[in-house]
Every structure is written in structure tokens, then in C-alpha cells.
Amino acid sequence: MLKLGHINYSNCLPVHGRFPEQGPPSGNALIPSAPTQLLCPQPLDMLTGEARVGLPAALATSVTLLNIIMQQRLGIQPSCGWFEQESVDPFAHGFDAALYIGDVAYRRRSRQGVRAYDFAAIRREWTGLPFVFALWQTTAGPEQDGELKQLVGKLAAGLRELYRRAAQVGEIEHGTPFNFLEP
């Protein structure tokens with residue numbers, strides 16, 4: 001049995017298609033998961049003021065792209081700091097700009113008096129090249145090649161269906177049609 005991890009973000013829709021609502025193909029499992037957890041070998045209240053906390057590399061792709069565009073394209077050397085994108089207004093805390101990721105970015109882009117920039121689109125305009133934010137990996141061995149090929153076929157079919165229904169899915173998810181670039 002192949003297990004497909006699913007984070008409940010709209011950017012997973014092109015990959016997972018209708019699996020979350022209809023279930024995965026027979027012989028596969030869709031495993032919902034939260035995109036973050038805090039791990040600590042001791043109780044959090046036992047940490048001292050000098051505690052070093054590792055930040056997830058999952059954000060590294062977007063943060064790296066932001067830094068490349070700011071520094072190399074715009075000639076800006078930003079001073080970055082972390083904020084909780086779900087609950088904190090970064091502008092009220094002195095930030096001049098803020099990077100939002102995932103579904104929060106979709107919800108925040110229509111904020112009054114604030115401009116939204118799509119860094120992948122800026123990079124494509126600047127370099128003529130697309131940007132890959134993530135990739136798929138598997139620990140399945142060659143003995144599962146047949147299962148993997150079937151799953152990839154189902155995922156590709158789901159992606160094609162999503163492109164046909166992009167406006168409808170966007171309306172359902174965010175109240176505005178999605179605008180996907182077809183592969």
C-alpha cells in the first residue's frame with residue numbers, strides 16, 4: 001500500500017486533485033497531516049532564554065526566492081524576521097513587507113491598501129524560467145514501481161480534471177477563480 005501525505009493547502013489541489021473529497025485510488029491511503037509541529041526533547045517550559053530553535057527548511061524555498069529577488073533583482077538587502085502569518089499583522093509590528101505562504105497568501109492578497117506580488121511570476125518574467133517550490137520523493141523500492149506508475153497516472157488525471165474545473169474549485173476554496181498556468 002502506498003501512502004500519500006496530504007497537507008490541506010490549496011496548492012496541493014493540483015497534485016492531489018479530488019482525492020481528499022473522493023478518496024485515494026484503491027490500494028492507496030491519503031494521510032492528512034498538519035504542516036507544522038514543534039518538537040523538543042524536554043518540556044517547552046524547561047527551555048532557557050538562550051534556547052536555539054531550528055526553523056523548518058520547508059519555508060526555505062520561498063524565503064530563498066524572496067531573498068534572490070530582493071537582493072539580485074531589486075538591489076535590496078532585507079532584514080528578515082519571523083511572524084505568525086495566521087494571527088499576527090506584520091505591518092503593525094514594524095515590518096515594511098511580509099511574505100505569506102499557502103492558503104494564507106490567498107486570503108491576504110486582497111487586503112485594502114496592500115499590493116500583492118507573485119514571486120514565481122516575477123522570477124519567470126526576470127529569467128524566463130519557471131520556479132519549482134517542491135518536489136515529490138518516495139522511499140518505495142523497485143518492487144512497488146507498478147503501484148507508483150498507477151498512482152502517478154491517477155494523479156495526472158486528477159490534475160487534468162482540476163485544470164478543467166479551476167474556476168469552480170477556486171470559487172469553492174477561496175471565493176475567487178484560480179488562475180493556473182497549465183504544464
Side-chain angles (χ1 to χ4, degrees), residues 4-17 19-20 31-40 44 47 49-138 155 158-159 162-163 166-167 169-183:
L4 179 63
H6 177 71
I7 299 170
N8 194 21
Y9 278 176
S10 295
N11 59 352
C12 289
L13 285 173
V15 177
H16 299 161
F19 292 175
I31 309 298
S33 64
T36 61
Q37 291 182 337
L38 174 56
L39 302 180
C40 186
L44 285 177
L47 295 175
E50 297 82 36
R52 292 183 62 217
V53 177
L55 299 174
L59 297 176
T61 305
S62 296
V63 171
T64 299
L65 180 58
L66 175 137
N67 279 312
I68 288 170
I69 288 173
M70 297 288 276
Q71 293 173 20
Q72 295 179 14
R73 174 84 165 117
L74 303 173
I76 299 168
Q77 298 294 322
S79 171
C80 297
W82 298 103
F83 73 98
E84 174 50 54
Q85 70 173 10
E86 290 281 351
S87 59
V88 172
D89 179 351
F91 304 109
H93 287 83
F95 288 99
D96 297 304
L99 174 66
Y100 285 95
I101 298 171
D103 285 1
V104 178
Y106 286 117
R107 291 192 303 269
R108 300 287 184 179
R109 72 177 172 198
S110 62
R111 182 178 171 165
Q112 184 74 0
V114 176
R115 292 179 181 94
Y117 298 93
D118 179 338
F119 278 1
I122 292 171
R123 182 181 186 276
R124 182 182 289 267
E125 176 187 303
W126 177 33
T127 66
L129 300 170
F131 191 79
V132 177
F133 285 91
L135 69 109
W136 280 31
Q137 299 182 134
T138 182
L155 291 168
L159 179 59
L162 178 68
Y163 279 113
V169 172
E171 288 289 342
I172 292 168
E173 293 291 321
H174 298 289
T176 183
F178 282 142
N179 182 17
F180 292 119
L181 295 175
E182 294 210 35

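Predicted model only: the values in this text are computed from it and were never measured.
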Heavy-atom closest contact ([X] atom, [Y] atom, distance):
| X | Y | result |
| --- | --- | --- |
| Pro130 | Arg124 | CB-NH2, 3.2 Å |
| Trp82 | Val63 | CH2-CG2, 4.5 Å |
| Leu99 | Gln85 | O-OE1, 4.2 Å |

| How far does CD1 of Ile76 sit from CG of Asp96, to the nearest 0.5 angstrom? | 10.0 Å

| message | Could you measure the distance from the OH atom of Tyr117 to the CG atom of Leu66? Nearest 0.5 Å is fine. | response | 12.5 Å

| message | Going by side-chain contact (heavy atoms from CB on, under 4.5 Å), name the residues that satisfy it together with Gln77, two or more places apart in sequence or in a different chain. | response | Gln71

| note | With sequence neighbours left out, the residues meeting side-chain contact (heavy atoms from CB on, under 4.5 Å) with Glu125 are Arg73

| field | Sequence-distant partners of Phe83, ring-ring contact (aromatic ring centres under 6.0 Å, His included), two or more places apart | value | Tyr100

| query | Trp126 versus Ile68: any side-chain heavy-atom pair under 4.5 Å? | reply | yes

| task | Mark yes or no for whether Arg123, through its side chain, and Ile69, through its backbone, hold a donor-acceptor pair below 3.5 Å. | result | no

